[in-house]
2 protein chains.
Amino acid sequence: MRGELTAKGRATRRRIVEGAAEVLRERGVVATTLDDVLARTRTSKSQLFHYFPSGKDELLVAVARFEAGQVLADQEPHLGRLDSWEAWARWRDAVVERYEEQGDQCPLGSLLHRIGRTTPGTRAIVTGLLRTWQESLAAGIRALQAADLLPGDVDVETRAAALLAAIQGGVSILLSTGESGHLRAALDQSIADLRRDGDPARPRATAG
Amino acid sequence: MRGELTAKGRATRRRIVEGAAEVLRERGVVATTLDDVLARTRTSKSQLFHYFPSGKDELLVAVARFEAGQVLADQEPHLGRLDSWEAWARWRDAVVERYEEQGDQCPLGSLLHRIGRTTPGTRAIVTGLLRTWQESLAAGIRALQAADLLPGDVDVETRAAALLAAIQGGVSILLSTGESGHLRAALDQSIADLRRDGDPARPRATAG
DNA sequence: GATGGAGTGGACCGCAGGGTCCACTCCGTC
DNA sequence: GACGGAGTGGACCCTGCGGTCCACTCCATC
């Protein structure tokens with residue numbers, strides 16, 4: 001069915017997904033009803049069920065996929081080119097800024113929580129996102145190696161995995177407390193420790 | 001009202017909270033209804049509303065408080081005595097094991113998500129938990145300093161904050177993907193980096 | 001053994017909100 | 001300009017579930 005959509009149809013479907021994403025970000029998954037989405041997107045029930053025959057859950061999955069795309073898109077300018085310590089610093093700032101702005105709403109997290117992470121398709125969304133993210137970080141570390149800023153024997157995968165966990169943890173604490181201090185600390189410490197791999201004489205942590 | 005409960009009343013209230021916690025862990029917040037809790041705890045609606053006059057949300061807050069207590073209680077034997085690298089390793093194992101067992105259910109997270117983190121009382125639950133947790137980690141680092149295993153100029157607070165974020169991130173990835181690799185990597189890397197503060201000649205990461 | 005309040009049982013209510021249905025319009029094709 | 005299928009509108013249905021209510025029991029106190 002997805003492939004057979006008219007241009008008009010595709011536009012409507014897209015309008016629904018993006019509008020739903022808006023509403024969901026504003027009110028949260030729990031509080032958002034189909035009627036809210038309908039009102040926001042100027043659509044009728046029949047349209048919604050026309051494009052998402054299995055109803056709300058199918059819509060939420062579509063929105064989750066959309067939001068997952070956003071995460072990397074938002075940091076792409078920096079994430080794709082982590083080949084100097086300055087680039088890493090800029091990326092760090094971008095991440096912190098992005099999540100500070102976002103405040104205590106985690107669109108993707110809430111969605112997945114509501115749908116259930118266990119269903120294969122759903123879990124694939126987040127595992128795919130995390131994998132890509134971590135690969136970008138690993139590529140960044142290798143770029144540092146290529147630029148002779150890091151020695152070749154750094155355990156790239158472990159560093160990348162730990163870095164990703166640091167971000168996730170910082171974000172999750174930001175979501176719970178509203179404070180971005182941990183996100184900053186985690187990123188700063190991780191980057192500082194990574195940097196020490198290349199220069200053991202460095203200070204132990206960057207100043208806040 | 002809380003103070004005026006009979007022994008019998010307190011027992012019932014407690015039975016409800018603990019039973020609810022069980023059901024919530026098994027089915028998740030979204031899928032759990034009051035009737036489920038009632039059935040599990042062999043209680044009637046009137047009792048539930050007798051002890052939690054504002055209904056479901058009040059019950060969930062009580063359960064959240066209960067679960068928050070559990071988190072630290074579960075690691076207390078290790079968390080209170082982080083005065084050697086071996087103790088840190090044992091604690092690491094305990095954390096990994098605990099969260100691997102728990103699987104992809106995060107009782108506290110789901111609860112708070114459902115209730116909303118913005119209400120003052122609710123946010124206090126998680127901020128309090130995180131603060132205590134981080135203080136224990138900081139105390140552990142200071143214990144290492146006292147034992148001359150770490151120099152005195154380590155930035156204890158940043159290290160502790162980053163460590164806490166690492167755990168949270170690892171757990172949150174475990175919840176999403178079902179894999180504990182990131183949790184392990186994050187903890188190992190964090191501890192290894194911390195350890196390098198005391199011995200710069202050490203290898204860059206512990207082997208998995 | 002009367003009194004009253006805490007504790008308990010469960011029938012019942014109200015409605016939000018997901019999902020169905022059918023009638024309609026729009027537009028490309030012949 | 002008839003035909004048909006995609007696209008649209010919105011009334012309606014129905015269940016699940018949070019919450020209310022009242023009748024009852026249990027037990028401490030006098």
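Keep in mind it's a predicted model, so treat the numbers as computed, not measured. Numbers restart at 1 for each chain; the letters A, B, ... are given by sequence-line order, proteins then strands.
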Separation of A/Phe49 atom CZ from C/dG19 atom P, in whole Å?
5 Å

Which pair of non-hydrogen atoms, one from A/Ala185 and one from B/Thr158, has the smallest distance, and what is that distance?
CB-CG2, 4.2 Å

Tell me: CG of A/Leu38 to P of D/dT8, nearest whole Å?
12 Å

What is the distance, to the nearest angstrom, from the CG atom on B/Asp35 to the P atom on C/dG10?
12 Å

Nearest atoms (heavy-atom pairs only) where B/Arg117 meets A/Ser176:
CD-CA, 4.0 Å

Residue A/Thr12, side-chain atoms from C-beta onward, closest of C/dG18, D/dG7, C/dG10
D/dG7

On the nucleotide D/dT8, are OP1 or OP2 found under 4.0 Å from the side-chain N or O atoms that A/Tyr51 carries?
yes

Roughly, in whole Å, what's the span from CG in B/Asp57 to C1' in D/dG19?
12 Å

May I ask you to decide if A/Thr41's main-chain N or O and A/Thr43's side chain share a donor-acceptor pair within less than 3.5 Å?
yes

Between B/Gln168 and A/His182, is any side-chain donor less than 3.5 angstrom from a side-chain acceptor?
no

Base, sugar-phosphate alone, or nothing: which one does B/Thr33 contact when heavy atoms must sit under 4.0 Å apart?
sugar-phosphate

Steps toward salt bridge (Lys or Arg N to Asp or Glu O under 4.0 Å) verdict (A/Asp83, A/Arg142):
CA-CA 8 Å; A/Asp83 51 5; A/Arg142 283 195 213 93; over 6 Å; no

Taking only the side-chain nitrogens and oxygens of B/Lys56, find out if one of them lies under 4.0 Å from OP1 or OP2 of D/dG18.
yes

Presence of A/Gln47 side-chain N/O under 4.0 Å of D/dG7 phosphate oxygens OP1/OP2
no

Rounded distance in Å - CD1 (A/Ile16) to C1' (D/dG7):
11 Å

Spacing between A/Leu48 atom CG and D/dG10 atom C1', to the nearest angstrom
14 Å

How close or far is atom P of C/dT20 from atom NZ of A/Lys45, stated in whole angstroms?
11 Å

Let's see if you can work this out: which of D/dG19, C/dG7, C/dG18 has an atom nearest to the side-chain heavy atoms of B/Leu5?
C/dG7

Nearest-nucleotide comparison on DNA chain D, the residue closer to the 5′ end among B/Lys8 and B/Gly55:
B/Gly55

Is there a side-chain contact between B/Thr6 and the phosphate of C/dG7, meaning an N or O under 4.0 Å from OP1 or OP2?
yes

Using whole Å, report how far NE2 of A/His50 lies from P of C/dC26.
16 Å

